Protein chains: 2
Amino acid sequence: MTASYTLLYHAGIPGRGEYVRLAFEAAQVAFTDTNKDLYTLTGVNGNAGHPAHLACPLLKIELDGDAKPFYLSQTPAILAYLAPRLGLDGTKDDADLGSEHADIRRAHVSQLTATILDLSNEIHDTHHPISVGAYYEDQKEAAARRAEDLRKNRIPKFFRIFDRSIAQNPAQSGFLIGKHATVADLVLFQVVDGIAFAFPNLTKSLRESGDYKGVYALRDQVAALPGIKAYLDSGRRASFSNGIFRHYPELDPETSA
Amino acid sequence: MTASYTLLYHAGIPGRGEYVRLAFEAAQVAFTDTNKDLYTLTGVNGNAGHPAHLACPLLKIELDGDAKPFYLSQTPAILAYLAPRLGLDGTKDDADLGSEHADIRRAHVSQLTATILDLSNEIHDTHHPISVGAYYEDQKEAAARRAEDLRKNRIPKFFRIFDRSIAQNPAQSGFLIGKHATVADLVLFQVVDGIAFAFPNLTKSLRESGDYKGVYALRDQVAALPGIKAYLDSGRRASFSNGIFRHYPELDPETSA
């Protein structure tokens with residue numbers, strides 16, 4: 001069945017919307033990208049129909065022949081839904097996979113995606129360890145302690161898991177799983193770039209350690225995918241600024257790792 | 001294809017393993033429940049094969065006819081994989097759903113599950129706002145501030161989303177979506193009980209407000225499902241203690257909401 005897709009997200013920041021946006025860009029599948037009606041569709045009084053949506057990104061799905069659209073929220077649920085439809089579910093060119101093994105492959109892509117999104121959330125919580133509703137300036141002391149834990153323990157631990165998955169991928173494609181890029185690789189690309197923006201000193205030491213070569217090579221390999229290259233060259237990619245990934249120099253000291 | 005399932009998780013605490021356990025119990029499908037080899041299977045040196053697993057719960061899947069098992073981690077990925085196999089994906093008795101609409105139904109179940117697991121994570125982070133690797137006692141001040149935000153803003157916001165989804169479910173089943181219980185309902189059941197353990201004063205005021213009747217009725221409806229009732233009656237359900245949901249009286253004052 002053919003479908004039309006609209007991504008509804010805040011304007012001007014990459015945020016979690018970018019994880020969905022990259023899937024369409026990598027697959028070179030047309031979609032509408034807008035923040036129109038976002039605030040009347042989501043939240044406790046949202047009118048996007050059942051079930052209710054806590055927050056965006058919100059994907060509007062218009063199936064040919066249907067009178068009404070569907071709305072889907074939650075980044076991992078959106079990516080799991082889109083992955084097989086956009087050829088980003090890790091099964092491409094694996095004709096020998098039976099349907100049961102293809103389902104496990106897709107579940108592994110969801111596992112990897114969930115883990116990378118967990119890291120994305122931990123990074124977000126670094127500058128808002130107390131409350132997402134309060135200002136960074138009112139939780140700076142807690143943020144400094146949490147950022148230290150993120151730099152010293154959490155990012156290295158996650159990166160080791162990713163590096164190991166890339167190294168042990170039976171397809172040896174340079175991606176996390178399968179022969180081609182999946183939604184998990186796209187999310188990791190964005191998180192690696194976000195960390196480079198927020199923590200340039202840490203990134204320098206992670207790169208120089210040589211411990212995460214697979215992760216940084218994957219980042220470059222995703223950037224070179226035809227759809228992603230065209231997207232980056234277009235100038236349409238929103239810059240990091242004041243979203244998930246924020247650069248506070250005091251959270252990224254020079255001897256960072 | 002028939003399969004054997006083993007849930008690998010820490011012994012003695014419900015934790016995130018319980019969300020998977022409840023799916024098997026509700027479906028009355030046999031599974032092995034163990035912590036054997038857990039620490040050699042997960043983490044950066046884990047030997048559970050590709051891709052690497054950051055943490056448990058870990059599901060071991062042995063497909064009939066396969067020489068080697070598969071391992072799957074990440075609670076939302078495990079639940080999305082199991083839901084259609086255990087009749088917990090929201091499509092049961094909806095014979096009129098075509099395959100595209102059934103996929104959207106499953107995606108909505110994943111959306112709801114992800115949102116409830118987000119709340120579960122926020123509750124966990126309340127007693128560890130700075131670092132999961134440090135003691136509660138070393139982050140008590142930050143925890144007090146974060147718990148206040150959780151009680152006043154976050155839990156009520158999430159509960160309103162759940163209550164609205166139950167009220168607007170076209171099937172009017174008392175569940176979040178579809179005619180029967182899904183993995184999302186099971187996770188919500190456990191989170192509601194966990195909140196009652198960790199925040200009894202808050203729970204009293206949430207119940208007395210009358211604003212979340214659907215959520216509490218759903219909790220009782222899940223407890224009465226034949227598989228869950230048998231599980232609760234068996235005494236096998238692990239008590240809440242020192243895991244995601246912890247009762248620190250100072251985080252749950254008497255005038256709580």
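Naming: A, B, ... by sequence-line order, numbering from 1 per chain. Hydrogens, waters and symmetry mates are skipped; everything else that's a heavy atom, side chains included, is used. Only a predicted model underlies this, so the values are computations on that prediction, with no experimental measurement involved.
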*Part of A:Leu112 within contact of chain B (heavy atom distance under 4.5 Å)*: side chain
*Hey, which of B:Ile78, B:Ile177, B:Asn121 has the most heavy atom pairs under 4.5 Å with chain A?*
B:Ile177
_Taking side chain as everything from C-beta outward and backbone as N, CA, C, O, which of these in A:Asn169 sits under 4.5 Å from a heavy atom of chain B? Side chain, backbone, both or neither._
both
*Under 4.5 Å between any side-chain heavy atoms of A:His108 and B:Phe70, yes or no?*
yes
*Over 60° means perpendicular and under 30° means parallel, so classify the ring planes of A:Tyr216 and A:Phe159, tilted if in between.*
perpendicular
*asked:* If you count heavy-atom pairs within less than 4.5 Å of chain A, which of B:Ser165, B:Ala77, B:Gly98, B:Gly49 leads?
replied: B:Ser165
*Report the option among B:Ser110, B:Gly133, B:Ala107, B:Pro76 that has the most heavy-atom pairs separated by less than 4.5 Å from atoms of chain A.*
B:Ala107
*Can you check whether anything in residues 142-150 of chain A gets within less than 4.5 Å of chain B, heavy-atom wise, and list it by number?*
A:Ala142, A:Arg145, A:Arg146, A:Asp149
*At a heavy-atom separation under 4.5 Å, does B:Phe162 approach chain A through its side chain, its backbone, both, or neither?*
neither
*Taking only Lys NZ, Arg NE, NH1 and NH2, and the carboxylate oxygens of Asp or Glu, determine whether B:Lys213 and B:Asp163 approach each other closer than 4.0 Å.*
no
*asked:* If we count only N and O atoms by modelled type, under 3.5 Å, do the side chains of B:His101 and B:Asp96 hold a donor and an acceptor together?
replied: no
*Between atom OG of B:Ser120 and atom CD of B:Glu18, what is the distance when rounded to the nearest 0.5 Å?*
11.5 Å
_So which residue, B:Pro170, B:Ala134, B:Ala55, ends up with the most heavy-atom pairs under 4.5 Å with chain A?_
B:Pro170
*With a 4.5 angstrom heavy-atom cut-off, which part of B:Ile161 approaches chain A: side chain, backbone, both or neither?*
both
*asked:* So for B:Arg106, is it side chain, backbone, both, or neither that comes closer than 4.5 Å to the heavy atoms of chain A?
replied: neither
*Any luck finding a side-chain donor-acceptor pair between B:Gln74 and A:Thr115 under 3.5 Å?*
yes
*Are B:Arg160 and B:Asp211 close enough for a salt bridge, meaning some N to O gap below 4.0 Å?*
no
_Structural part of B:Ala80 lying under 4.5 Å from a heavy atom of chain A_ = neither
*If you take all heavy atoms of B:Ile244 and B:His127, which pair is closest and at what distance?*
O-NE2, 2.8 Å
*For B:Ala23 and B:Leu88, work out which heavy atoms get closest and say how close.*
O-CD1, 3.5 Å
*Please work out which of the three classes, parallel, tilted or perpendicular, describes the rings of A:Tyr136 and A:Tyr248, given edges at 30° and 60°.*
parallel
_B:Leu38 versus B:Tyr9, closest heavy-atom pair with distance_ = CD2-C, 3.4 Å
*asked:* For A:Asn45, which atoms come within 4.5 Å of any heavy atom of chain B: side chain, backbone, both, or neither?
replied: backbone
*asked:* At a 4.5 Å cut-off on heavy atoms, which part of A:Leu176 comes close to chain B: side chain, backbone, both, or neither?
replied: backbone
*Going by distance alone, is a donor N or O of one side chain under 3.5 Å from an acceptor N or O of the other, for A:Gln111 and B:His53?*
yes
*Residue part contacting chain A, namely of B:Arg85, when any heavy atom lies under 4.5 Å*: side chain
